[in-house]
*Asks:* 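Would you mind keeping the following structure in view while I ask a few things?
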Amino acid sequence: MNKKGYEFSFAWIFAVLIGAFVIFLAIYAVFRIIDLERTKIDTTRGKQIGVLLTPVETNLEDSKLVSILVPRAQKTRLFNDCVLPTGSGGENPFGTQKISTRVKSGIGEEWQTFSGAESSFHNKYLFARGDIEAEEEFFVLSKPFMYPFKVADIVIMWPDGKGYCFVEMGADVSELKAELKDRLRITEKNIAIVDGIENCNQDSLKVCFGTQHSDCDILVQATQEKVTYLDSNIEVFTPDSSDVNNKYPMLLAAIFSEPDKYNCQSARIGARAASLAKVYVSKSNYLTATSDCNSAPLLPSSLNNYLDSAEAIGNSYDLAQLKDEAEDLKAKNAPLNCKLF
Amino acid sequence: MKMQQMAFMLIGLVLFFSMVGIVYFTIMIGGLRKEATKLQEEEAREISKKMSSSPEFAFTSKSDCSNCIDLEKALMIADLLKTSQDYEKFWNLDYLMIERVYPEGENVECTRFNFPDCNKITIIASERVVSESPAFVALARWDPESENYKYELGKVHTSARKVE
């Protein structure tokens with residue numbers, strides 16, 4: 001008998017098993033490397049956006065409106081987090097602004113489960129929703145907040161995918177309407193300014209000024225300096241800036257933000273105001289001691305009152321309560337020959 | 001015998017690919033550190049350029065030099081940092097110094113006692129400045145003799161935090 005067959009020896013089985021194991025390891029390594037590269041891209045993108053927020057800050061301008069472009073076919077999600085300040089002398093006296101991103105990929109899962117490493121900044125105040133997604137660009141509006149001296153630049157951010165509809169901007173916000181519509185041309189940046197809520201896009205976030213309608217998402221009461229988020233029925237306070245020509249940075253910040261983030265940033269702004277007050281107290285004492293610069297005699301007690309109140313700021317309500325001290329400082333500083341600020 | 005040869009070959013292969021992997025990851029991590037350093041330096045450069053608009057340094061006492069750095073405020077912050085660490089990590093910088101370029105003053109560090117007969121205010125000191133990003137700025141200070149503000153030319157020196 002002539003038997004024809006193939007002997008599948010142990011050596012062959014062993015080789016096939018080991019080969020399969022090596023191929024499995026190689027494929028696993030490739031996927032891990034892809035994940036690592038994606039995390040690197042996510043982290044780099046977050047840091048780049050954070051760094052780009054520095055030149056956006058204002059110098060002499062009342063406001064600055066720019067776009068941060070996202071590379072084509074790389075939709076980006078930006079995560080914005082705020083850490084409350086721990087107070088002067090603490091570990092984190094100014095609080096922290098945390099930014100992280102995720103970039104959409106065509107390989108593997110569209111979005112990574114976890115964002116890239118967070119980039120932290122102590123000197124930036126970003127007002128945006130916790131999670132914003134841009135197809136091509138993020139719009140950034142920067143405005144100085146004076147209280148009564150410049151405390152910080154309020155940086156407001158929203159994505160191209162998210163529409164806003166400002167409804168019935170009345171006489172009480174006519175300067176703001178003129179600035180947004182005519183000077184900044186914000187209607188080209190996904191924001192509609194309309195006279196009736198029926199003119200809004202269905203998908204847009206409806207911001208009603210003064211009068212509440214059933215479809216409103218946010219109610220703005222500019223004269224009372226407050227904004228109400230109607231879905232959660234939470235109210236935040238939006239104190240006017242001391243610059244009468246540019247009163248509404250906090251109001252705009254509240255519209256584009258979320259209640260908890262807005263309150264956290266308000267606390268951080270309070271901490272910054274307190275530190276700046278200390279600088280001005282020192283400057284005032286120094287100038288009194290070394291020159292005839294006569295700003296000093298009138299201000300120290302007002303500054304110290306301001307400082308004590310600013311150190312206690314924990315949310316937007318507390319920030320709004322500081323307004324009287326801010327106005328008092330402004331009134332005392334204005335007529336001086338040698339102004340402190 | 002053949003089994004033994006195959007086993008040795010497989011061990012050799014695994015060792016070879018492990019070494020390739022180590023080399024690849026070493027190069028990749030080096031590239032990552034370079035990228036992180038580049039971003040930190042870019043941040044320091046942008047901060048240099050924007051220093052005069054920072055509320056801690058902006059000169060706002062008079063409207064004729066809105067892009068000036070207020071030297072008295074800078075001096076007070078440098079002083080504050082000696083007693084409190086609040087501003088130490090505020091700008092995310094390793095080194096921050098403001099230097100007067102013209103008119104040249106005495107080449108000494110400014111304090112409350114010798115100001116303005118000095119030419120530099122070191123706000124954040126560093127033992128070793130790795131990569132400096134200087135930017136020219138206008139400086140403003142109160143001049144007791146003329147009872148008015150005096151404007152001078154200066155430079156802001158910053159250095160990014162080292163990436164570890």
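Order of the sequence lines sets the chain letters (A, B, ...), proteins ahead of strands, with each chain counted from 1.
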*Asks:* Could you tell me whether a side-chain N or O of Lys49(B) sits under 3.5 Å from a main-chain N or O of Thr54(A), the two making a donor and an acceptor?
*Replies:*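 Not confirmed, Lys49(B) side chain does not pair with Thr54(A) backbone.
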*Asks:* So which part of Asp70(B) gets closer than 4.5 Å to some heavy atom of chain A, the side chain, the backbone, both or neither?
*Replies:*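 Answer is side chain: those atoms of Asp70(B) sit under 4.5 Å from chain A.
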*Asks:* Please name the pair of heavy atoms, one in Glu57(A) and one in Lys50(B), separated by the smallest distance, quoted to 0.1 Å.
*Replies:*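 Here Glu57(A) and Lys50(B) meet closest at O-NZ, 2.6 Å.
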*Asks:* With a 4.5 angstrom heavy-atom cut-off, could you sort out which part of Gln85(B) is near chain A: side chain, backbone, both or neither?
*Replies:*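 Neither the backbone nor the side chain of Gln85(B) comes within 4.5 Å of chain A.
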*Asks:* Which heavy atom of Tyr280(A) sits nearest to which heavy atom of Lys73(B), and what is that distance?
*Replies:*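 What the structure gives for the nearest pair is OH-NZ, 2.8 Å.
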*Asks:* Heavy-atom distance under 4.5 Å to chain B: side chain of Phe149(A), backbone, both or neither?
*Replies:*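 For Phe149(A), neither part sits under 4.5 Å from chain B.
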*Asks:* Does any backbone or side-chain atom of Leu60(A) lie under 4.5 Å from a heavy atom of chain B? Answer side chain, backbone, both or neither.
*Replies:*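 The side chain, not the backbone.
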*Asks:* Please rank Arg272(A), Lys150(A), Gln48(A) by heavy-atom pairs under 4.5 Å with chain B and give me the top one.
*Replies:*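 When all of Arg272(A), Lys150(A), Gln48(A) are compared, Arg272(A) has the most.
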*Asks:* Can you tell me how the ring of Tyr286(A) sits relative to the ring of Phe115(B), calling it parallel under 30°, perpendicular over 60° and tilted otherwise?
*Replies:*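 Because their plane-to-plane angle is over 60°, the rings of Tyr286(A) and Phe115(B) count as perpendicular.
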*Asks:* State, to 0.1 Å, how close Leu36(A) and Phe25(B) come at their nearest heavy-atom pair, and which atoms those are.
*Replies:*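 That would be CD2-CE2, 4.0 Å.
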*Asks:* Just wondering, do Ile33(A) and Tyr24(B) contact through their side chains at under 4.5 Å, heavy atoms?
*Replies:*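 Yes, side chains in contact.
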*Asks:* Below 4.0 angstrom, N of the basic side chain to O of the carboxylate: do Glu91(A) and Lys89(B) qualify?
*Replies:*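 Salt bridge absent between Glu91(A) and Lys89(B).
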*Asks:* Can you tell if the side chain of Ser53(B) reaches within under 4.5 Å of the side chain of Glu61(A), non-hydrogen atoms only?
*Replies:*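 Heavy-atom side-chain distance check fails, nothing below 4.5 Å.
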*Asks:* Under the 3.5 angstrom rule, does the side chain of Lys47(A) hit a backbone N or O of Leu39(B) as a donor-acceptor pair?
*Replies:*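 Side chain of Lys47(A) to backbone of Leu39(B), a donor-acceptor pair under 3.5 Å: no, none is there.
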*Asks:* Highest number of heavy-atom pairs under 4.5 Å with chain B: which of Ala26(A), Pro55(A), Gly19(A)?
*Replies:*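 Among Ala26(A), Pro55(A), Gly19(A), the one with the most close pairs to chain B is Pro55(A).
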*Asks:* Under 4.5 Å from any heavy atom of chain A, what part of Glu147(B) do you find: side chain, backbone, both or neither?
*Replies:*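 For Glu147(B), the side chain is the part near chain A, not the backbone.
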